[in-house]
Amino acid sequence: MLKLPHKVCLSMKVDSFSDHDSLFAGLAKRVGARLLLASTSEVYGDPEVHPQSEDYWGHVNPIGPRACYDEGKRVAETMCYAYMKQEGVEVRVARIFNTFGPRMHMNDGRVVSNFILQALQGEPLTVYGSGSQTRAFQYVSDLVNGLVALMNSNVSSPVNLGNPEEHTILEFAQLIKNLVGSGSEIQFLSEAQDDPQKRKPDIKKAKLMLGWEPVVPLEEGLNKAIHYFRKELEYQANNQYIPKPKPARIKKGRTRHH
Ligand SMILES: O=C(O)[C@H]1O[C@H](OP(=O)(O)OP(=O)(O)OC[C@H]2O[C@@H](n3ccc(=O)[nH]c3=O)[C@H](O)[C@@H]2O)[C@H](O)[C@@H](O)[C@@H]1O
C-alpha cells in the first residue's frame, strides 16, 4: 500500500472538507449561519485562460507536487456546494489570489516575505526559474473588505478576490530591491514543478455583484510590509535570533547571478 508522507496527507485533509469542517457545516446548519470557504486561485492550476474568471474550470495536474493543496481546495468547493444543495446551508466561496501584508510569518516561504527578508538582509533574492512567470498581488486589507462584502451579499457562487495588477516575478524582485534600497543580487534557481506560468484575477464579478475592488496600490502595500519586516528583524536581532527565509519547494538549484 502506498504510504504518503504525513505532511502531504495532512494538506489534502485540511484543504479539503475535513471532519472538522463538517462539524462547522453542521453547526452552520443548526444555527442558520452562512459558511465561508476561503478557497484559492490555485483551483485554476497552471491556467490556459488568462485572466482567470470564475467560470474557468482550471488546469490542475492531479498527481503533481501541488496536487494535494489544489485538489484539496477543489474538493472543498465541491463539498460546500453539495452541502448547500442537500442541507440548504448558505455558502460563500472566495477564490483568494496572492495576498500579502504585515504579520506574514517570517518563514512563510512565499515570494513576498522571501524577497523582502532577503533584500533587507543583503542576501540574494531567489528567483525560481527565469522569473517570467507572473502573479498579481493584493494587500491584505483589500482582501478583508472583499470577504466582508461577500458575506453580506446574496452571491452563493464562487467569487475571485484579488488585485489584477500583474507583474513578472523578476519585475517584482527589482521592485522590492528598489523599495528597500538594497544592493542584493538576484539569484536564479531551478523552477518549481507545475508552477503556474501566468496568474491574474478577472474581478468583473466582484465589482458588479459586491461593489468591491482593491484600492491599495502595490507599492503602498509593499512599503507597509517592508516596514513590518524591518521592525521584526530589529526585534529579532535584539533578541539574538535572525530567521532565514525558508527555501520554498526548491531542493537544489543551478545558480546564475544577475
Ligand atoms: O494566493 C494564491 O493564490 C496561492 O498562492 C501561493 O502560491 P504561489 O502563487 O505559488 O505563491 P508563492 O509561493 O509566493 O510564489 C509566487 C511565485 O514566486 C516564485 N518564487 C517564490 C518564492 C521565492 O523565493 N522565489 C520565487 O521566485 C514562485 O516560483 C512563483 O512563481 C500560495 O502558496 C497558496 O497558498 C495560495 O493559495
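Order of listing sets the numbers, starting from 1, for every ligand and every atom in it. Note that the structure is a prediction, hence the values are computed from the model and not measured. Scope of the values below: all heavy atoms of this structure, side chains included, with no hydrogens, waters or symmetry mates.
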Handout entry: Any Phe172 heavy atom less than 4.0 Å to ligand 1
Key = no
Exercise for the section: Please verify whether a non-hydrogen atom of Gln118 lies at under 4.0 Å from ligand 1. Expected result: no
Who's closest to [atom] heavy-atom-wise, of [options]?
atom                    : options                        : value
atom 13 (O) of ligand 1 : Gln133, Arg110, Arg199, Glu191 : Arg110
atom 34 (C) of ligand 1 : Phe188, Tyr69, Phe115          : Tyr69
atom 15 (O) of ligand 1 : Asp108, Asn114, Val111, Ile186 : Val111

Problem - Those residues that, when tested against Ala225, pass side chain to side chain contact (heavy atoms under 4.5 Å, CB included) (two or more places apart) - result: Phe100, Ile116
Handout entry: Polar side chain donor-acceptor pair, Ser39 to Glu77, under 3.5 angstrom
Key = yes
Problem - Thr99 side chain to Gln138 side chain, donor-acceptor N/O pair below 3.5 angstrom - result: yes
Exercise for the section: Might you confirm whether atom CE of Met209 has over 12 heavy atoms from other residues, nucleotides or ligands at distances under 6.0 Å? Expected result: no
Problem - Crowding at CD, Glu219 (>12 non-hydrogen neighbours, <6.0 Å) - result: no
For ligand 1, is any non-hydrogen atom under 4.0 Å from [X]'s backbone (N, CA, C, O), its side chain (CB onward), both, or neither?
X      : value
Asn98  : both
Thr126 : both
Ile96  : backbone
Tyr128 : both

Just jot down the ligand 1 atoms closer than 4.0 angstrom to any heavy atom of [X], in number order.
X      : result
Phe97  : 1 (O), 3 (O)
Ser41  : 2 (C), 3 (O)
Asp195 : 28 (C), 29 (O), 30 (C), 31 (O)
Val127 : 27 (O)
Ile169 : 17 (C), 18 (O), 27 (O)

Exercise for the section: Please report the C-alpha distance between Leu222 and Val112 in whole Å, then the side-chain angles of each, then the deciding distance to 0.1 Å, and finally whether the side chain to side chain contact (heavy atoms under 4.5 Å, CB included) criterion is met. Expected result: CA-CA 9 Å; Leu222 282 174; Val112 179; 4.2 Å; yes
Practice task
Quick one: pull up CD in Glu42 and NZ in Lys73 and give me the separation to the nearest 0.5 Å.
Solution key: 10.0 Å
Problem - Distance in Å, Glu54 CD paired with Asn160 CG, rounded so as to fall on 0.5 Å steps - result: 3.5 Å
Fill in the blank from the handout: When every non-hydrogen atom of Val91 is compared with those of Cys80, the smallest separation belongs to CG1-O, 3.8 Å
